[in-house]
A.B. asks: 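Below: one structure in structure tokens.
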Amino acid sequence: MRLQTPVDGFRLTYDRSGPGPGAPAVVLLHGWPGDRTDYRHVVPLVAAAADVVMPDLRGFGESDKHEADPATQYHAVGQARSIAGLISELGLRQPVIAGYDVGSRVAQALARERPDLVGALVIAPPLPGIGARILEPEPQREFWYQSYHRLELSTEMIDGKPDAVRTYLRHFWSHWSGPDYEPAAEDLDHLVSVYGAPGAFAASIAWYRAGAGSVAASLAEQVPEPGQRLAVPTTVLWPSHDPLFPREWSDRIDEFFAAATLTLLDNVGHFTPLECPDTFAAAVTAYSTL
């Protein structure tokens, strides 16, 4: 389905499952390098009780990929405007917003900018509180790709070249996942179909060119005053085997969130909806609205 009313000129494509309007609502936000199908194992576990909406974010999947200023249109706040528009157009009443990777940042931005639209958050890293630790040698060995994505060289080498896209994305899906997960060949085929068309990879990395990646965001973060912490009820799912976000970086959540609960996930890597869909779904349905 397609968002009928553009926001900043962008229309989103989304899937919708469950009993439909009137049921408790959930919006699931994907990461990079993924799309709305990142939640294919979570949806069946939630849709019996909830109206579940899974959009492709701006620049991803089948949603619009306009050439636009990344800093205003592809940053977390710009992405959140589209999700707010989707919530309003579909008439969702304070849905649970769940996300990981890029989707986590967008969910947090939506909760800050439009807390009236959000019933609760279920998020996995990245989260604020990392700060300058992201510049230490070990993290920098992992976050090289964010600087690379800001170079035109990255699009020249990868964009519109399905074989290069497959090799590049397979690295992240293998390296970032936990010990019990490896992407299936058909899942990689789907990702290549989504990211391999001319312009598709370039659009997906507009997020990083907007300065929205974890390195830039972590260095820019400021601890809010106690009364300004994010007040939306929040469940944080923190994996044990995510090479980007080590577990010790979960130590400052309470400085930024007023009502957060931390759940530690063993033997799970970066791709929480795919690596532990049961736990992810349980965290979503645990909120009293469901």
Side-chain angles (χ1 to χ4, degrees), residues 28-43 45-46 54 57 60 98-108 121-130 133-134 136-146 148-149 165-192 194-195 204-205 207-208 213-215 217-218 234-251 253 260-284:
L28 304 174
L29 304 179
H30 66 83
W32 185 95
D35 69 353
R36 66 188 191 272
T37 68
D38 289 357
Y39 290 96
R40 57 190 176 272
H41 301 313
V42 173
V43 172
L45 304 174
V46 179
M54 302 81 66
L57 295 168
F60 291 89
Y100 82 104
D101 192 84
V102 171
S104 177
R105 293 283 193 196
V106 176
Q108 294 168 56
L121 294 177
V122 176
I123 51 176
L127 278 87
I130 299 170
R133 290 182 288 189
I134 206 163
E136 294 172 358
E138 186 61 33
Q140 282 300 293
R141 280 191 282 271
E142 299 293 342
F143 282 101
W144 60 269
Y145 70 98
Q146 297 195 0
Y148 177 58
H149 286 174
V165 167
R166 180 184 297 274
T167 299
Y168 192 63
L169 299 192
R170 182 173 55 219
H171 163 76
F172 296 106
W173 279 90
S174 296
H175 179 59
W176 289 352
S177 59
D180 299 327
Y181 182 81
E182 184 70 24
E186 57 268 26
D187 297 332
L188 284 172
D189 289 343
H190 170 73
L191 290 170
V192 172
V194 171
Y195 282 81
S204 80
I205 62 172
W207 169 262
Y208 301 99
S214 289
V215 175
S218 297
T234 300
T235 296
V236 177
L237 304 175
W238 206 293
S240 61
H241 282 71
D242 187 342
L244 294 173
F245 303 104
R247 185 170 282 182
E248 55 265 30
W249 286 1
S250 66
D251 59 346
I253 291 172
T261 300
L262 174 63
T263 299
L264 302 177
L265 307 176
D266 292 330
N267 298 314
V268 173
H270 185 70
F271 303 103
T272 46
L274 287 158
E275 297 187 55
C276 57
D278 290 353
T279 303
F280 202 102
V284 171

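Every heavy atom of this structure was used, including side-chain atoms; hydrogens, water molecules and symmetry mates were not.
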A.B. asks: Could you tell me the separation between the CZ atom of F143 and the CG atom of L244, rounded to the nearest 0.5 Å?
C.D. replies: 4.5 Å

A.B. asks: Taking the side chain as C-beta and beyond, is there a heavy-atom pair between Y208 and Y148 under 4.5 Å?
C.D. replies: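 They are not in side-chain contact.
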
A.B. asks: Which atoms form the tightest heavy-atom contact between L191 and G34, and what is the distance?
C.D. replies: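 Reported closest heavy-atom pair: CD2-CA, 4.0 Å.
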
A.B. asks: Pick out which of I123, V268, I253, T263 makes a side-chain contact (heavy atoms from CB on, under 4.5 Å) with W238.
C.D. replies: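 The side-chain contact (heavy atoms from CB on, under 4.5 Å) with W238 is passed solely by I253 among I123, V268, I253, T263.
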
A.B. asks: Flag the pair D189 and R166 as a salt bridge only when some basic side-chain nitrogen lies within less than 4.0 angstrom of an acidic carboxylate oxygen.
C.D. replies: yes

A.B. asks: Could you measure the distance from the CD1 atom of I130 to the CD atom of E136? Nearest 0.5 Å is fine.
C.D. replies: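 The CD atom of E136 is 11.0 Å from CD1 of I130, to the nearest 0.5 Å.
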
A.B. asks: Any Lys/Arg nitrogen of E138 or R141 sitting under 4.0 Å from an Asp/Glu carboxylate oxygen of the other?
C.D. replies: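 Here E138 pairs with R141 in a salt bridge, since their nearest N and O are under 4.0 Å apart.
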
A.B. asks: Tell me, do W173 and D187 make a side-chain contact under 4.5 Å, heavy atoms counted?
C.D. replies: no

A.B. asks: Please report the closest heavy-atom contact between W249 and P139, naming both atoms and the distance.
C.D. replies: CZ2-CG, 3.6 Å

A.B. asks: Ring centroids only, cut at 6.0 angstrom: are F172 and W32 within range, meaning strictly under it?
C.D. replies: yes

A.B. asks: To the nearest 0.5 Å, what is the distance between NE2 on H149 and OG on S204?
C.D. replies: 7.0 Å

A.B. asks: Taking the side chain as C-beta and beyond, is there a heavy-atom pair between Q140 and V215 under 4.5 Å?
C.D. replies: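 The answer is yes, as the side chains (C-beta and beyond) meet within the 4.5 Å cut-off.
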
A.B. asks: Please give me the minimum heavy-atom distance between H30 and L57, naming the atom from each residue.
C.D. replies: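 Of all heavy-atom pairs spanning H30 and L57, the closest is NE2-N, 3.0 Å.
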
A.B. asks: If you compare all heavy atoms of R247 against all heavy atoms of L265, which two are closest, and at what distance to 0.1 Å?
C.D. replies: NH2-O, 2.9 Å

A.B. asks: Rounded to the nearest 0.5 Å, how far does CG of L28 lie from CZ of F280?
C.D. replies: 6.5 Å

A.B. asks: Side-chain contact test, heavy atoms from C-beta onward, threshold under 4.5 Å: evaluate it for L274 versus R40 and give yes or no.
C.D. replies: yes

A.B. asks: Return the OH to OG1 distance between Y39 and T272, rounded to the nearest 0.5 Å.
C.D. replies: 6.5 Å

A.B. asks: For a quick test of reading the model, state the closest non-hydrogen atom pair linking V236 to L127 and the distance between them.
C.D. replies: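 Minimum heavy-atom contact is CG2-CD2, 3.6 Å.
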
A.B. asks: Any idea which heavy atoms bring S214 and I134 closest together, and the distance?
C.D. replies: O-CD1, 3.5 Å

A.B. asks: Take the angle between the ring planes of H171 and H175 and call it parallel below 30°, perpendicular above 60°, tilted in between.
C.D. replies: parallel

A.B. asks: Any side-chain heavy-atom pair from S250 and P125 closer than 4.5 angstrom?
C.D. replies: no

A.B. asks: So, do Y168 and Y145 have ring centers that fall under 6.0 Å from each other?
C.D. replies: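 No; Y145 has its ring centre 6.0 Å or more from that of Y168.
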
A.B. asks: Taking the side chain as every heavy atom from C-beta outward, state whether S174 and E182 have any atom pair closer than 4.5 Å.
C.D. replies: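 They are in side-chain contact.
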
A.B. asks: Is any side-chain heavy atom of P239 closer than 4.5 Å to a side-chain heavy atom of H270?
C.D. replies: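 No - every pair of side-chain heavy atoms lies 4.5 Å or more apart.
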
